[in-house]
2 protein chains.
Amino acid sequence: MSHQPRPDLLRLDLQLCFTLHAASRAFGGVYRRVLRETELTYPQYLAMLVLWEHGEMPVKKLGEYLRLDSGTLSPLLKRMQTAGLVQRERSAQDERSVTVRLTAEGEALREKAQDIPLKVGEASGLDMEEMVDLRTRLQRLTATLDAALAEEADGA
Amino acid sequence: MSHQPRPDLLRLDLQLCFTLHAASRAFGGVYRRVLRETELTYPQYLAMLVLWEHGEMPVKKLGEYLRLDSGTLSPLLKRMQTAGLVQRERSAQDERSVTVRLTAEGEALREKAQDIPLKVGEASGLDMEEMVDLRTRLQRLTATLDAALAEEADGA
DNA sequence: TACCCTTTAGTTGTGCACAACTTAATTGTG
DNA sequence: CACAATTAAGTTGTGCACAACTAAAGGGTA
């Protein structure tokens with residue numbers, strides 16, 4: 001139980017939330033540069049990664065992977081469709097659902113994107129062990145924060 | 001030198017960038033809820049923290065603290081001015097510069113915001129040591145990523 | 001002094017995140 | 001079966017991030 005209200009904690013927390021914010025944007029900057037030739041934005045690239053790995057799926061499921069709702073995904077997918085990367089089709093089984101599918105062009109982009117993670121990995125200056133460790137901590141942190149949010153949503 | 005192009009590394013990197021993105025948004029969600037009664041957004045809160053701690057300063061300097069440019073800060077400060085939290089004034093010494101100053105209302109908000117870091121710290125489930133460690137790693141990561149970006153900007 | 005170059009804010013346009021809402025289809029229950 | 005509740009996707013509106021640009025002021029040098 002190390003949550004005593006020490007004044008130190010207050011400033012440190014400030015700096016953690018801020019550094020997390022800053023680190024995320026710094027990563028975004030690197031991806032933006034590396035992704036330039038693919039014409040993809042960073043969030044679009046994340047969506048492509050999911051589709052490359054898992055194949056076609058409903059918007060709903062894609063949102064679960066990406067932790068995004070339809071308010072973000074619908075316009076994003078519309079832009080990706082305009083760019084010719086994906087195709088959307090109402091499911092026959094469930095007319096509410098829309099299946100997102102890679103086009104041939106979207107599938108082909110996989111080749112061009114092959115070396116992106118390596119480039120970004122090099123820019124991060126982290127070795128494998130550090131990456132795994134940081135990833136694990138962040139996943140745990142996200143889960144805890146989400147749980148705290150959900151809990152308070154129920155309580156209130 | 002542990003940057004061999006192992007296939008493992010590629011997937012891990014994917015997950016690091018994504019988890020960072022997700023963690024940042026999860027933090028945003030917690031702040032959004034905790035900040036609700038202050039009428040501040042998360043980025044506005046960060047700006048207030050800088051002003052509470054360091055007092056009035058030019059937009060330029062605030063941007064250095066927050067790692068943001070005028071394209072983001074100008075409209076953000078305009079909204080904060082409309083909300084009555086800050087005041088902007090052209091510098092007499094250098095007519096290009098604009099000084100951002102807290103209003104009495106902005107200064108007063110400090111009281112209401114006093115317990116926010118503690119609430120968020122609790123929601124994060126981290127103890128002090130973990131926070132410091134994570135913060136340090138993220139600051140180092142951000143610095144490395146920024147350096148890689150700046151380097152390539154010069155090179156190209 | 002005249003000119004160029006830099007610096008500081010601000011504006012415009014695009015895309016993402018998210019809350020609140022709408023629409024349409026499905027499910028559950030009396 | 002009828003009808004309320006739920007679910008999936010989309011729409012609308014607000015705010016942030018960032019690139020590209022403009023406007024205006026300052027600084028340096030021929």
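Below, all heavy atoms of this structure are taken into account, side chains as well, without hydrogens, waters or symmetry copies.
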Checklist entry - Does S74(B) put a side-chain nitrogen or oxygen below 4.0 Å from OP1 or OP2 of dT11(C)? => result no
Checklist entry - So Y45(A) and W52(A), would you call those rings parallel, tilted or perpendicular, with 30° and 60° as cut-offs? => result perpendicular
Checklist outcome for this item: K61(A) NZ to dA8(D) P, in whole Å, measures 13 Å
Checklist entry - Please give, in whole Å, the distance from dT7(C) C1' to E64(B) CD? => result 12 Å
Checklist entry - Are any side-chain N or O atoms of R135(A) and backbone N or O atoms of T19(B), one a donor and one an acceptor, separated by less than 3.5 Å? => result no
Item to check | Whole-Å gap separating P (dT26(C)) and CD (Q93(A)) | outcome: 10 Å
Item to check | Of residues 22-31 of chain A, the positions that come close to DNA chain C - non-hydrogen atoms, cut-off under 4.0 Å | outcome: none
Next on the checklist: Using a 4.0 Å heavy-atom cut-off, does L68(B) contact any base of the nucleic acid, only the sugar-phosphate backbone, or nothing at all?
Outcome noted: sugar-phosphate
Checklist entry - Can you check the E39(A) CD to dG15(C) P distance for me, whole Å? => result 11 Å
Next on the checklist: Please check: side-chain N/O of E111(B) versus main-chain N/O of A108(B), any donor-acceptor pairing under 3.5 Å?
Outcome noted: no
Next on the checklist: Check this one for me: any side-chain N or O of R96(A) less than 4.0 Å away from OP1 or OP2 of dT6(D)?
Outcome noted: no
Checklist entry - Given dT11(C), is OP1 or OP2 found less than 4.0 Å from the side-chain N or O atoms of K78(B)? => result yes
Item to check | Interatomic distance, L138(A) atom CG to H21(B) atom NE2 [nearest 0.5 angstrom] | outcome: 13.0 Å
Next on the checklist: Counting neighbours of CD on E39(B) that are heavy atoms of other residues, nucleotides or ligands and sit closer than 6.0 Å, is the number greater than 12?
Outcome noted: no
Checklist entry - To the nearest angstrom, how far is L76(A) atom CG from dA9(D) atom P? => result 14 Å
Checklist entry - If only atom types and distance count, is the side chain of R90(A) paired as donor or acceptor with the main-chain N or O of R96(A) below 3.5 Å? => result yes
Checklist entry - With a 4.0 Å cut-off on heavy atoms, is S97(B) in touch with a base, just the backbone sugar-phosphate, or nothing at all? => result sugar-phosphate
Next on the checklist: Quick one about T103(A) and E105(A) (side-chain donor to acceptor, distance below 3.5 Å, no hydrogens or angles considered), yes or no?
Outcome noted: no
Checklist entry - In whole Å, what is the span from the CZ atom of R90(B) to the C1' atom of dG26(D)? => result 13 Å
Next on the checklist: Need to verify one output field. Residue with the more 5' nearest nucleotide on DNA chain D, R88(A) or H21(A)?
Outcome noted: R88(A)
Next on the checklist: Of the listed nucleotides (dG10(C), dA17(D), dC18(C)), which one gets closest to any side-chain atom of S70(B)?
Outcome noted: dG10(C)
Checklist entry - To the nearest Å, how far apart are R33(A) CZ and dC18(D) P? => result 13 Å
Checklist entry - Heavy atoms under 4.0 Å, any strand shown: does T41(A) hit a base, just sugar-phosphate, or nothing? => result sugar-phosphate
Item to check | Atom pair distance, as rounded to whole Å: NZ in K60(B) and P in dG10(C) | outcome: 13 Å
Checklist entry - Nearest nucleotide by nearest heavy atom, which residue falls closer to the 5' end of DNA chain D, Q44(B) or D94(B)? => result Q44(B)
